Number of protein chains: 2
Amino acid sequence: MEKLLLILGQLMPLSTELREDLIAKIFIRKVKKGVILISEGKICHQLFFIKKGFLRGFHYQNGKEITSWFGFENDFATSTHSFFSQKTGYENVEVIEDSILYGITYEDLNKVYYRHPEFNYVGRLLTEKYYLDVLERTLCLQFQTAKQSYEQLIATHPQILKRAYLGHIASYLGISQETLSRIRAKK
Amino acid sequence: MEKLLLILGQLMPLSTELREDLIAKIFIRKVKKGVILISEGKICHQLFFIKKGFLRGFHYQNGKEITSWFGFENDFATSTHSFFSQKTGYENVEVIEDSILYGITYEDLNKVYYRHPEFNYVGRLLTEKYYLDVLERTLCLQFQTAKQSYEQLIATHPQILKRAYLGHIASYLGISQETLSRIRAKK
DNA sequence: GCGTTTATTTGACTTTTGTCAAAAGTTCTA
DNA sequence: TAGAACTTTTGACAAAAGTCAAATAAACGC
């Protein structure tokens, strides 16, 4: 849990009480490859921090699986829409490699925010960071050829290429697996 | 300015000092149609709240203008990437209809956050809201036909259809203006 | 109200990407 | 280590969307 506290502590010095409160609320969860951590149609109650492993978020559209994000070591992961709004979500979260996660429930997290208002600063900064990540992704999806999207992915997220299935990467880029395979072959 | 304070106040009761601090820092700016409020290649120092009017954000890709967002009355608007990171940005912000804006500088906003740590709660909630907006957009762009994207836009953001140029809407949806025009004609 | 400028639509054609099906290559496990 | 299960590649063809150019249509200034 030290690593997580370190990351949070780099954003803002954590008081002893805040540290203790966090430690008391955070639980550890080990999950095997293939497990669906969070399912669509349900309310997502947990936010996870990936200590080790590899996750992805996906949903269905026109009957097909579409990957919306990949999460690696030191990333936070949840079904964002459902977690933030505490409404039922459309997103599934799948464990792609055996993983060790730290988790906190929505309720407990809000207790921490309530007891330590200054912790909202950390929450705001992290939200801003993830916001910028999605923004970058939107740009990437909006008006590029399949090849440009792929090349940008190689440049910005090489580890996705190394660890994810081709089909997952393709849907993440908004193209078909066959097209991605052909782009790759040509290089 | 009452409307803005009302919106913030709905997220969290604002203490008198916080209210006064905000009022002291926020400036009013009236801008005419066609003005470029924020230019690419510069650091964006202001966050705006749209009291009245209509803005859009856009950038260039492969030599073409691509609209990344539209902002209406009661929306917040800025060159998000540049404002959050305080680095030079790629985004331009254009005034599409004569507008009245409330603005605050990055520096002043952070002074407010610093003096009133609990105000980070408001910042966090608003960031979460805009984060969800972009997420929804990503889903829309990722794997839909041009027609589906258009229909979803009609359903979720009818006022964009009414007030924005077709070319801007098309690039916002990630399709060419001609394609959008044809989709429209068929209905 | 008229002409100019700007925005939208339409047509013909090209390019890109998707789809379906089958083959080849990998990985895992019993 | 052989076979099953899964993943990626390849081929042939179809569909969707882009491009360029020209014609309308709408908005704006004088």
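Just so it is clear, the structure is predicted and the values come from calculations on it, not from any experiment. Keep in mind that the numbers below use all heavy atoms, side chains included, and drop hydrogens, waters and symmetry copies. Residue numbers begin at 1 in each chain, while the letters A, B, ... track the order of the sequences.
- A side chain to side chain contact (heavy atoms under 4.5 Å, CB included) with B/Lys51 holds for exactly one of B/Asn74, B/Leu101, B/Ile100; it is B/Ile100.
- Distance OH (A/Tyr150) to P (D/dT8): 12 Å, rounded to an integer number of Å.
- Using a 4.5 Å heavy-atom threshold, the side chains of A/Ile38 and A/Asn92 count as separate.
- OP1 or OP2 of D/dT8 has not a single side-chain nitrogen or oxygen of A/Ser181 nearer than 4.0 Å.
- Sequence order on DNA chain C of the closest nucleotides to B/Tyr165 and B/Thr179 puts B/Tyr165 first from the 5' end.
- Comparing B/Ala146 and A/Glu178, the nucleotide of DNA chain D nearest to each residue sits closer to the 5' end for A/Glu178.
- At a threshold of 4.5 Å between non-hydrogen side-chain atoms, the residues B/Leu47 and B/Phe83 count as touching.
- If you take CD of A/Gln177 and P of C/dA23, they are 18 Å apart, rounded to a whole angstrom.
- Counting to the nearest Å, the C1' atom of C/dG18 and the NZ atom of B/Lys147 are 18 Å from each other.
- Following rounding to the nearest Å, A/Phe143 (CZ) and D/dG18 (P) show an atom-to-atom distance of 6 Å.
- Protein atom CG of A/Leu173 is 12 Å distant from nucleotide atom P of C/dT17, rounded to whole Å.
- Separating the NZ atom of B/Lys33 from the C1' atom of D/dC28 is a distance of 9 Å, rounded to the nearest angstrom.
- For the pair B/Glu151 and B/Lys186, the salt-bridge criterion is not met [side-chain N within less than 4.0 Å of a carboxylate O].
- Residue A/Ser176 places at least one side-chain N or O under 4.0 Å from the OP1 or OP2 atom of C/dG18.
- For B/Arg182 against C/dG11, a side-chain-to-base donor-acceptor contact under 3.5 Å is present.
- Annotation: cation-pi pair B/Arg56/B/Phe58 present, NZ/CZ under 6.0 Å from the ring centroid and within 45° of its normal.
- Here the P atom of nucleotide C/dC28 and the NZ atom of A/Lys32 are 13 Å apart, to the nearest Å.
- When the nucleotides C/dT9, D/dG11, D/dA17 are ranked by their closest atom to the side chain of B/Leu166, C/dT9 comes out on top.
- In this structure, CG of A/Leu141 is placed 15 Å from P of D/dA17, rounded to the nearest angstrom.
- Regarding contacts with the backbone of D/dT19, a side-chain N or O of B/Lys64 is found under 4.0 angstrom from either OP1 or OP2.
- Residue-to-nucleotide contacts include no donor-acceptor pair under 3.5 Å from the side chain of A/Arg184 to the base of D/dT7.
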